[in-house]
J.: 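Okay, here's the structure, questions in a sec.
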Amino acid sequence: MATRLDRLLGITLELMAKKRVTATALADKFEVSVRTVYRDVELINQAGIPVASFTGADGGFELMNGFFLTRQYFSVDDLSVIYSLLKAMEETMGGAVTPAMRKLASLHPGLADEGGQKAVLLGISVPEQERHIVEELFRAIRQSRVVQMAYTSASGSATERSLEPLNLLWEKGVWYLEAYCRRRGAKRYFRVSRIDRLQVLDETFAPRPITDELEPEDLQGIFAHLRFDLSVRIRVLEQFPGECTYQGNCIEVRTVFYKKEYALSVIVSYGTNVDIVSPDELQDDVITYIEAIRRHYAKKREGDAT
DNA sequence: TACAACAACGGGACTTATCG
DNA sequence: CGATAAGTCCCGTTGTTGTA
């Protein structure tokens with residue numbers, strides 16, 4: 001089960017999920033020696049996934065800036081691409097048809113077809129309690145089966161839902177289910193860890209031709225393009241891991257804020273060290289926000305004076 | 001079935017680089 | 001300087017594969 005390829009992908013995903021990871025931490029997580037981790041990281045590099053390393057205290061491995069930075073989340077298909085990169089790497093090690101490849105094929109018989117690749121993906125880097133659910137969901141998606149489940153929302157309310165699963169998404173170490181919710185009559189996202197009882201029904205569904213009504217991104221978040229001063233570099237890198245690109249003497253960040261209030265509070269906290277490239281509305285909102293703060297304190301001062 | 005070849009992994013003892 | 005962590009070198013162990 002725990003093949004080398006699994007681990008290579010696992011390490012890659014770990015690097016994508018976290019900002020910086022030490023070899024010791026990876027060795028611990030995948031139950032191998034640090035020596036092996038170094039070997040693996042070198043392989044990942046050779047596979048075309050750039051891993052940067054930093055020595056000294058607070059050192060570790062990082063995915064290089066600019067890699068995968070344009071994406072907010074990864075679908076199973078995206079992960080499959082990474083998997084293919086790593087697999088190709090393994091296969092080209094020392095000859096055309098290596099023993100490693102045959103071994104791989106015997107361990108994962110479905111590897112030839114695309115479905116098999118995905119199946120392998122799901123066996124790793126998923127917390128134990130979620131693994132089963134993710135696998136079930138993945139089967140349901142491939143077979144277009146209707147699923148029924150109990151879901152506890154972020155606010156704590158539990159609902160029983162009937163869903164047509166569309167895709168599994170992986171964002172920063174967390175799995176989400178993209179599905180058409182029959183009750184709401186619209187596409188919704190569900191965090192896998194909050195799914196309680198999952199039941200894959202025999203009933204199948206036909207893919208709905210609704211896809212291009214309104215992209216959920218437009219409804220759910222504000223896509224923002226920000227430009228930061230280098231003086232706040234450290235904070236920016238921490239706040240927007242994996243979303244930063246260096247552009248000359250500034251840092252550009254493309255991110256999505258899911259609440260306008262949150263976006264405003266973050267942007268304002270950077271004072272004059274940030275520029276909003278887009279959208280323009282956000283710039284107006286910030287001005288309004290600051291105006292409100294100014295009025296708030298002006299009023300207070302008047303109150304104190306009387 | 002026995003044996004050689006090989007790949008993957010691990011351990012230890014290093015060196016090098018960075019930060020406080 | 002001391003702590004930390006990447007990176008290197010060398011070699012032993014183990015499991016798998018190919019072959020006689």
Side-chain angles (χ1 to χ4, degrees), chain A residues 1-69 79-112 116-117 119-128 131 172-173 228-242 244-246 249-251 273:
Chain A
M1 194 58 159
T3 67
R4 186 163 159 92
L5 190 56
D6 290 336
R7 202 178 55 242
L8 288 179
L9 186 61
I11 290 174
T12 309
L13 295 183
E14 190 74 9
L15 287 169
M16 281 162 55
K18 294 176 181 161
K19 177 78 189 130
R20 191 177 283 192
V21 189
T22 67
T24 317
L26 288 172
D28 208 49
K29 171 143 192 162
F30 295 98
E31 294 179 318
V32 289
S33 70
V34 285
R35 181 68 191 82
T36 301
V37 171
Y38 287 131
R39 279 194 274 246
D40 285 349
V41 168
E42 201 187 321
L43 275 177
I44 292 170
N45 258 312
Q46 286 174 43
I49 300 170
V51 180
S53 60
F54 300 86
T55 59
D58 280 326
F61 295 109
E62 261 176 41
L63 277 188
M64 259 176 85
N65 277 328
F67 195 68
F68 292 145
L69 297 192
L79 296 177
S80 173
V81 170
I82 300 166
Y83 174 87
S84 301
L85 276 176
L86 295 170
K87 186 178 139 210
M89 183 61 227
E90 279 251 319
E91 286 171 5
T92 51
M93 286 290 285
V97 183
T98 63
M101 189 178 168
R102 253 176 291 164
K103 184 174 152 192
L104 211 63
S106 67
L107 276 169
H108 305 297
L111 211 61
Q117 295 187 4
V120 174
L121 276 170
L122 302 175
I124 52 166
S125 276
V126 181
E128 220 29 75
R131 183 174 301 185
K172 293 176 185 142
F228 291 90
D229 199 286
L230 275 184
S231 59
V232 290
R233 188 178 90 254
I234 307 293
R235 224 191 112 193
V236 171
L237 288 174
E238 276 177 11
Q239 184 148 28
F240 305 99
C244 310
T245 48
Y246 284 93
N249 58 347
C250 57
I251 298 177
N273 291 317

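Values below: all heavy atoms of this structure, side chains included; hydrogens, waters and symmetry mates excluded. Within every chain, numbering begins at 1; the chains are lettered A, B, ... in the order of the sequence lines, protein sequences first and strands thereafter. Quick caveat, the model's predicted, so the values are computed rather than measured.
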J.: Start at the 5' end of DNA chain C and walk down; is the nucleotide closest to A:T22 or to A:R39 reached first?
T.: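 Looking at the nearest nucleotide for each, A:T22 comes out on the 5' side.
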
J.: Using atom CG of A:D58 as one end and atom C1' of B:dG20 as the other, report the distance to the nearest whole Å.
T.: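 Spelled out: CG on A:D58 to C1' on B:dG20 is 10 Å.
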
J.: For B:dG10, does either OP1 or OP2 sit under 4.0 Å from a side-chain N or O belonging to A:T36?
T.: yes

J.: Strictly below 4.0 Å: does A:Y38 bring a side-chain N or O up to OP1 or OP2 of C:dG7?
T.: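 Negative; the distance criterion is not met.
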
J.: Between A:I44 (CD1) and C:dA6 (P), how many Å, whole number?
T.: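 My rounded result for the distance is 14 Å.
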
J.: Looking at side-chain heavy atoms only, is the closest gap between A:K29 and A:V21 below 4.5 Å?
T.: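 No - every pair of side-chain heavy atoms lies 4.5 Å or more apart.
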
J.: Rounding to an integer number of Å, can you tell me how far A:L26 CG sits from C:dA5 P?
T.: 12 Å

J.: Can you figure out which of B:dC9, C:dG7, B:dT18 approaches the side chain of A:T55 most closely?
T.: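 Nearest listed nucleotide: B:dT18.
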
J.: Kindly say if A:R35 contacts the phosphate of B:dA8, meaning a side-chain N or O under 4.0 Å from OP1 or OP2.
T.: no

J.: Find the distance A:R20:CZ to B:dC19:C1' and express it as a whole number of Å.
T.: 12 Å

J.: Please find the pair of heavy atoms, one from A:A27 and one from A:S33, that lie closest to each other, and give the distance.
T.: CB-C, 3.8 Å

J.: Send over the distance from A:F54 CZ to C:dG7 P, rounded to a whole Å.
T.: 10 Å

J.: Expressed in angstrom and rounded to an integer, what is the separation of A:D40 atom CG from C:dA6 atom P?
T.: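 Atom-to-atom, A:D40 to C:dA6, this comes out as 14 Å.
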
J.: Looking only at heavy atoms, which two atoms of A:L15 and A:E62 are closest? And how far apart?
T.: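 Here A:L15 and A:E62 meet closest at CD2-N, 4.1 Å.
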
J.: At less than 4.0 Å, is any side-chain N or O atom of A:S53 found next to OP1 or OP2 of C:dG7? Yes or no.
T.: yes

J.: Rounded to the Å, how far apart are A:E42 CD and B:dA8 C1'?
T.: 14 Å

J.: Do you know which two heavy atoms are closest between A:L8 and A:I44, and how far apart they sit?
T.: O-CD1, 3.5 Å

